[in-house]
Amino acid sequence: MARIGVVSISDGRDHVHARIADFIRSKQDSLVRSLQAAGHDVVVGDDLVATNVLATSVARKVAAADVDVTVFYYAVWAFPHFTMLAADATRSPLVLVASTDPTEPGLVGMLAAGGALDQIGRRHTRAWGAPDDAELVEKIGVHAKASAAVRSLRGSTFGRFGGRPMGMNTAVANTDQWMRKFGIDVEEIDQYELVLRADKADAAETKKAREWIEQHAAGVHYDGKKLTPELLERQIRSYQAIRDIIAERNLDFSGIKAQPELTENFATMDVTEAFLNDPYDWNGPKETHVCATEADMDGALTMQLFKAVAGTPVLFADVRHYHADRDIWDLCNSGQHATWYAARSDDPAENLAKVNFYPEVFFFPAGGASVQHIAAPGQMTLGRLTRENGEYRLQLMLGEFEAYDDETNQVLVNQSTPEWPHAFARLDAPGELFLSKFGANHIHAVPGDHRAALRAVADQLDVRLDEWTRG
């Protein structure tokens with residue numbers, strides 16, 4: 001799950017500390033057991049902090065264990081300057097936790113320490129409860145998960161294949177800002193390298209992949225023009241090529257411009273992008289690799305964070321249409337949906353049985369297959385990192401993907417582009433608000449309610465949170 005440091009702060013008076021030390025240890029031990037039972041790796045300070053020297057030395061040792069988050073625990077009244085010294089000795093996010101046992105003033109200790117940290121501008125979160133309180137343990141875990149997600153960005157590399165697509169400003173970010181704020185480097189890669197490498201891809205694997213798709217998909221609809229076995233194999237070779245480039249250049253996540261150069265002269269990247277984002281391909285299970293269509297940098301960044309928080313593939317889509325009569329959004333674009341979203345099954349055969357590979361439409365003269373399905377129903381967390389006046393904000397909401405009968409599905413998809421994948425979403429945000437304020441044409445989603453962790457991510461990144469509900 002996460003690595004959590006625990007440092008217990010005490011009273012600085014020798015005679016008081018001597019009386020309460022066993023009480024602190026009993027509370028600390030109970031909290032540690034609760035965190036471990038939840039699956040976390042817990043690093044406990046090697047002493048109770050009852051002097052200024054210990055405040056620094058204990059915190060430094062915990063910090064050296066590379067924890068995701070540090071808990072300062074207050075079971076008693078604690079001298080606030082110990083917290084200040086300990087905070088200076090660690091750079092991880094801080095959670096101040098108070099025991100609510102009324103026999104000792106733990107809440108008083110936490111509030112005094114928190115106020116002192118506020119005065120110097122040190123960000124922290126506060127929590128309180130009994131050490132075996134499930135809600136308290138969950139709250140600490142949420143902040144640890146958020147910290148792990150934020151930390152995973154630092155030192156990572158984004159592979160940007162091509163430049164700005166079709167004048168799309170929201171797909172391009174400032175590389176200096178990315179390094180300064182997120183610790184991410186951007187590797188610029190010409191799309192021509194993908195073309196060259198695709199021609200050299202292993203032919204046996206390409207054939208195996210095509211036959212695997214033909215065997216498991218709901219249909220591969222060859223038309224002899226826009227989609228042929230040769231064009232599908234070209235798309236598969238593109239996947240093989242970019243997969244090898246990712247490995248060679250140690251890319252953590254990526255984006256492919258595609259339009260218009262590849263889509264008019266080579267092939268669409270739909271198959272490539274779908275299977276990069278999938279947890280499997282024809283060779284078996286694999287790690288998902290976040291890849292954003294149209295080289296959307298902030299889209300890929302959002303997806304990378306969502307992946308780290310949720311641990312699942314992340315959906316990428318255009319906000320294509322709002323069916324106001326149904327209060328339903330059609331989230332649809334050319335092939336970017338991972339095939340996993342068709343059924344969200346661990347078995348690729350179950351997913352692919354709901355996926356059709358159709359000839360591409362008029363937007364893309366080079367042809368190839370679009371990867372079409374309708375996303376399986378369920379609760380979703382949706383949102384995106386966008387920028388306003390150069391500053392990042394996380395626009396966040398809850399929603400539901402809905403499923404309908406075949407006739408209704410056909411009516412809805414025929415109103416946009418039936419050959420592309422669709423997710424029919426009911427958002428926990430008014431349509432007028434969304435259309436007036438959402439800062440991009442692309443949106444992203446993961447199954448479940450991950451808003452608590454993403455709120456913590458926004459706080460730790462010092463990013464403004466715009467969370468939308470109907471309330």
Side-chain angles (χ1 to χ4, degrees), residues 158-179 181-182 184-195 226 235 238 242 251 253-274 276-277 290-304 314-322 329-337 360-368 370-371 382-395 416-417 419-421 434-444 466:
F158 173 72
R160 185 170 180 247
F161 290 82
R164 186 178 71 175
M166 301 182 295
M168 198 178 299
N169 289 29
T170 55
V172 181
N174 183 319
T175 57
D176 291 341
Q177 186 180 24
W178 265 33
M179 177 55 72
K181 191 167 190 66
F182 308 113
I184 300 171
D185 186 40
V186 177
E187 178 80 6
E188 300 284 356
I189 306 165
D190 196 288
Q191 293 182 113
Y192 189 48
E193 182 168 355
L194 190 156
V195 174
K226 282 293 192 72
Q235 291 177 294
S238 300
I242 196 169
L251 305 180
F253 61 125
S254 60
I256 308 172
K257 177 187 178 187
Q259 299 191 70
E261 297 88 357
L262 298 180
T263 57
E264 296 191 3
N265 301 291
F266 186 65
T268 64
M269 292 295 105
D270 297 32
V271 172
T272 297
E273 292 164 352
L276 284 171
N277 284 291
V290 163
C291 181
T293 196
E294 294 161 337
D296 184 346
M297 295 177 67
D298 285 341
L301 177 59
T302 304
M303 293 171 73
Q304 192 75 343
V314 186
L315 185 119
F316 177 117
D318 278 339
V319 183
R320 175 62 183 267
H321 181 65
Y322 179 48
W329 299 85
D330 184 356
L331 309 182
C332 162
N333 80 326
S334 175
Q336 176 64 38
H337 297 199
E360 273 295 8
V361 296
F362 71 94
F363 290 110
F364 311 125
S370 65
V371 185
L382 302 102
R384 179 184 166 94
L385 283 165
T386 63
R387 284 164 285 146
E388 184 176 42
N389 197 26
E391 297 297 324
Y392 274 95
R393 59 189 176 180
L394 175 61
Q395 297 183 297
S416 58
T417 306
E419 296 87 352
W420 291 353
F434 183 94
L435 288 171
S436 299
K437 298 295 184 182
F438 195 66
N441 50 305
H442 296 152
I443 193 168
H444 317 284
D466 289 351

Can a donor-acceptor pair be found, under 3.5 Å and without considering hydrogens, that links the side chain of Q395 to the backbone of G439? yes
pair L194-S238: side-chain heavy atoms closer than 4.5 Å: yes
Verify whether the ring centers belonging to F158 and F182 lie closer than 6.0 Å. no
Minimal heavy-atom distance between A366 and A267, with the atoms involved, is CB-N, 3.7 Å
Distance-only side-chain donor-acceptor flag, S370 / E419, under 3.5 Å: no
Give me the atom names and distance for the closest heavy-atom approach of F161 to A295. O-CB, 4.1 Å
Nearest heavy-atom pair of H337 and L331: which atoms, and what distance? CE1-O, 3.4 Å
Check: N441 side chain, V319 main-chain N or O, donor-acceptor pair, under 3.5 Å: no
For the atom pair CG (D298) and OG1 (T170), what is the distance rounded to the nearest 0.5 Å? 8.0 Å
Do V195 and N265 come within less than 4.5 Å of each other through their side chains, counting heavy atoms only? no
Look at the side chain of D318 and the backbone N and O of R320, then say whether any donor-acceptor pair between them is shorter than 3.5 Å. no
Once rounded to the nearest 0.5 Å, what's the spacing between atom CG of D185 and atom CE of M179? 4.5 Å
K226 NZ to F362 CZ distance, which is reported to the nearest 0.5 Å: 9.0 Å
Does any part of the side chain of Q304, heavy atoms only, come nearer than 4.5 Å to the side chain of I184, both counted from C-beta? no
Hey, is the main chain of E294 close enough, under 3.5 Å, to the side chain of Q259 for a donor-acceptor pair? no
Sidechain-backbone polar pair: E360 side chain, S334 backbone, donor-acceptor under 3.5 Å: no
Output the distance between atom CG (N169) and atom CZ (R387), rounded to the nearest 0.5 Å. 8.5 Å
Less than 4.5 Å apart, any side-chain heavy atom of F438 and any of R384? yes
Over all heavy atoms of both residues, which pair between K257 and P260 is shortest? Give the atoms and the distance, please. CE-CD, 4.3 Å
Determine, for K437 against D466, whether the closest basic-nitrogen to carboxylate-oxygen distance falls under 4.0 angstrom. no
Distance in Å, R160 CZ paired with L251 CG, rounded so as to fall on 0.5 Å steps: 13.5 Å
Spell out, as yes or no, whether a donor-acceptor pair under 3.5 Å connects the side chain of T417 to the backbone of N333. no
Can you tell me if T302 uses its side chain to pair, donor with acceptor, with the backbone of L385 under 3.5 Å? yes
Working to the nearest 0.5 angstrom, can you tell me the gap between N277 CG and T293 OG1? 10.0 Å
So do the side chains of E261 and F266 get within less than 4.5 Å of each other, counting heavy atoms only? no
Would you indicate whether the side-chain heavy atoms of L262 and I256 approach each other to under 4.5 Å? yes
For C291 versus E273, what's the shortest heavy-atom pair and its separation? SG-CG, 4.0 Å
Side chain of T175, backbone of V186: donor and acceptor closer than 3.5 Å? no
Compare all side-chain heavy atoms of D296 with those of F316 and state whether any distance is below 4.5 angstrom. yes
For the residue pair L382 and W329, establish whether any side-chain heavy-atom pair is separated by less than 4.5 Å. no
Nearest atoms (heavy-atom pairs only) where D330 meets S416: OD2-OG, 3.0 Å
